[in-house]
Colleague: 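Take this structure, written in structure tokens, and hold onto it; I'll ask about it next.
Nothing here was measured: the structure is a model prediction, and the numbers come from that model. Chain letters run A, B, ... following the sequence lines, proteins first, then strands; residues in each count from 1.
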Protein chains: 2
Amino acid sequence: MDKSICPRFEKAMGFLSQRWTGMIIYQLLSGPQRFCTIESSVGVSGRVLSERLKVLENEGIVKRDVYPETPVRIEYSLTDKGLALEPLMKDIEKWSQNWLDA
Amino acid sequence: MDKSICPRFEKAMGFLSQRWTGMIIYQLLSGPQRFCTIESSVGVSGRVLSERLKVLENEGIVKRDVYPETPVRIEYSLTDKGLALEPLMKDIEKWSQNWLDA
DNA sequence: GTTAGTTAGTTACTTTATGTAAGTTAGTAT
DNA sequence: ATACTAACTTACATAAAGTAACTAACTAAC
């Protein structure tokens, strides 16, 4: 192994390329959302969504807010660190529109 | 499931978020390379590298050239479609430098 | 001509990640 | 007490990835 690649880049790529992580972040770009909304709009299973949100929260990319209503409302949203991924998401959008057929 | 997300975006995200795919493309941005070079610099196993290169070739993102030397030299490189992913890779680079610690 | 060396894979098998569906917790409301 | 809801979690099955050994095709050395 050569491993001449920047470790920060590798780390970023490491979790961005976990299945569903990108879609979850993309979905949250449209605003704070609750668990079940992300689950159904992205099409990810609750088991994995729960796992991913924990990682993203630990990384400081996603924030979790609890509103003690009835029933409880828990909203997930992007932090500044998460919002900083927007240009990247836009690039994927652009690329897909330019190079993939509908 | 809502699935209001653009299907082209989903497709792009679908294979960009396969493990190793991003790293392979990033590595190929530095020029045409042979199988064993990608394998060692990226740190991906031959089994998976072989699988990914096939997908990327089918998608028209990577090109495979055979030079019948001794021993045979086979070089993988990015097509225009693949090179068009450069801005995206640069965004990941920038983000990782701004938001991750070394 | 047989043994060895090289790159580019593939195969068989193990470990890890994800999908699926049922269950749990907490807080009302009936 | 029973039922309803959101947000998870757990147990179990399937799919993807890691590992190491193996094959193919070619050449070179002995």
Side-chain angles (χ1 to χ4, degrees), chain A residues 1-3 5 10-28 31-59 61-78, chain B residues 1-3 5 10-28 31-59 61-78:
Chain A
M1 292 208 215
D2 259 324
K3 294 285 188 173
I5 295 170
E10 274 196 281
K11 188 183 174 189
M13 192 61 98
F15 62 73
L16 287 174
S17 72
Q18 276 194 108
R19 200 182 299 191
W20 301 117
T21 300
M23 291 302 287
I24 293 166
I25 293 169
Y26 181 77
Q27 183 63 26
L28 287 176
Q33 280 164 68
R34 44 202 323 179
F35 193 93
C36 63
T37 307
I38 304 172
E39 192 176 2
S40 63
S41 62
V42 168
V44 59
S45 71
R47 202 191 67 76
V48 172
L49 178 55
S50 169
E51 213 170 281
R52 291 295 185 275
L53 287 171
K54 268 176 206 156
V55 172
L56 291 170
E57 212 190 330
N58 281 337
E59 290 292 335
I61 292 168
V62 161
K63 191 166 51 82
R64 180 181 188 270
D65 290 305
V66 181
Y67 302 90
E69 302 170 357
T70 289
V72 68
R73 180 164 55 104
I74 292 172
E75 285 200 335
Y76 293 92
S77 55
L78 295 173
Chain B
M1 292 207 215
D2 260 325
K3 293 285 186 176
I5 295 170
E10 273 196 283
K11 189 183 173 188
M13 192 61 99
F15 62 73
L16 287 174
S17 73
Q18 276 194 109
R19 201 182 299 191
W20 301 116
T21 300
M23 292 302 287
I24 293 166
I25 292 169
Y26 180 76
Q27 182 63 27
L28 287 176
Q33 280 163 69
R34 43 205 319 179
F35 192 93
C36 62
T37 307
I38 304 171
E39 191 176 3
S40 63
S41 62
V42 168
V44 59
S45 70
R47 201 190 68 75
V48 172
L49 178 55
S50 169
E51 212 169 281
R52 290 297 184 275
L53 287 171
K54 268 176 206 158
V55 172
L56 290 170
E57 212 190 328
N58 282 336
E59 290 291 337
I61 291 168
V62 160
K63 191 165 51 83
R64 181 181 188 270
D65 290 305
V66 181
Y67 301 90
E69 302 171 357
T70 289
V72 68
R73 179 164 56 104
I74 292 172
E75 285 201 335
Y76 293 93
S77 56
L78 295 172

Colleague: Could you give the CZ-to-P distance, from B/R73 to C/dG9, as a whole number of Å?
Modeller: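 The answer, rounded to whole Å, is 14 Å.
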Colleague: Could you check how far CD of A/E39 sits from P of D/dT9, rounded to whole Å?
Modeller: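 It is 12 Å, rounded to the nearest whole Å.
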Colleague: Can you sort out the partners of B/R34 under side-chain contact (heavy atoms from CB on, under 4.5 Å), two or more places apart, ordered by chain and number?
Modeller: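 Here the qualifying residues are B/C36, B/T37, B/R73.
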Colleague: Just to be sure I understand: a Watson-Crick pair is purine N1 to pyrimidine N3 plus N6-O4 or O6-N4, both under 3.5 Å. Using that and G-U wobbles, which stems of three or more pairs involve DNA chain D?
Modeller: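 As far as DNA chain D goes, consecutive pairing (with distances under 3.5 Å) yields the stems C:1-30 with D:1-30.
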Colleague: Taking only residues two or more places apart in sequence, or in another chain, which ones meet A/E59 in a salt bridge (Lys or Arg N to Asp or Glu O under 4.0 Å)?
Modeller: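 Here the qualifying residues are A/K11.
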Colleague: Base, backbone or nothing for each nucleotide of nucleotides 11-30 of chain C, written B, S, -, heavy atoms under 4.0 angstrom, 5' to 3'?
Modeller: BB----SBBB------SS--
Colleague: Between A/E57 (CD) and D/dA7 (C1'), how many Å, whole number?
Modeller: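 Rounded to the whole Å, the gap is 13 Å.
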Colleague: In whole Å, what is the span from the CZ atom of A/R34 to the P atom of D/dT5?
Modeller: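 Computing the A/R34:CZ to D/dT5:P distance gives 13 Å.
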Colleague: If the condition is side-chain contact (heavy atoms from CB on, under 4.5 Å), which residues does B/E51 pass it with, not counting sequence neighbours?
Modeller: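 Here the qualifying residues are B/R47.
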Colleague: Any side-chain N or O of B/S50 under 4.0 Å from OP1/OP2 of C/dG9?
Modeller: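 Answer no for this pair, as no side-chain N or O of B/S50 is under 4.0 Å from OP1 or OP2.
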Colleague: Among residues at least two apart in sequence or on other chains, which ones pass side-chain contact (heavy atoms from CB on, under 4.5 Å) with A/T21?
Modeller: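 So A/T21 forms a side-chain contact (heavy atoms from CB on, under 4.5 Å) with A/Q18, A/I25, A/R52, A/L56.
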Colleague: Grab the CD1-C1' distance between A/I38 and D/dC8 for me, whole Å please.
Modeller: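 About 13 Å, once rounded to whole Å.
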Colleague: Please find the pair of heavy atoms, one from B/G14 and one from B/S17, that lie closest to each other, and give the distance.
Modeller: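 Residues B/G14 and B/S17, closest heavy atoms: O-OG, 3.6 Å.
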Colleague: Heavy atoms only, 4.0 Å cut-off, all strands: where does A/Y67 land among base, sugar-phosphate and nothing?
Modeller: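 Result for A/Y67 = nothing.
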Colleague: Could you tell me how far apart A/Q33 (CD) and D/dA6 (P) are, to the nearest whole angstrom?
Modeller: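 Distance check: A/Q33 CD to D/dA6 P gives 15 Å.
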Colleague: Run the side-chain contact (heavy atoms from CB on, under 4.5 Å) test against A/P32 and tell me which residues pass, sequence neighbours left out.
Modeller: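 A/P32 satisfies side-chain contact (heavy atoms from CB on, under 4.5 Å) with A/E75, A/S77 once adjacent residues are dropped.
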Colleague: Could you work out which one of D/dC8, C/dG9, C/dT10 sits closest to the side chain of B/K54?
Modeller: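 Of the options given, the side chain of B/K54 lies nearest C/dT10.
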Colleague: Not counting sequence neighbours, which residues clear side chain to side chain donor-acceptor pair (under 3.5 Å) with B/N58? List them please.
Modeller: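 None.
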Colleague: Run the ring-ring contact (aromatic ring centres under 6.0 Å, His included) test against B/Y76 and tell me which residues pass, sequence neighbours left out.
Modeller: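 By the ring-ring contact (aromatic ring centres under 6.0 Å, His included) rule, B/Y76 matches no residue at all.
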Colleague: What's the shortest heavy-atom distance between A/G46 and A/E39, and which atoms?
Modeller: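 Shortest heavy-atom contact: N-OE2, 3.3 Å.
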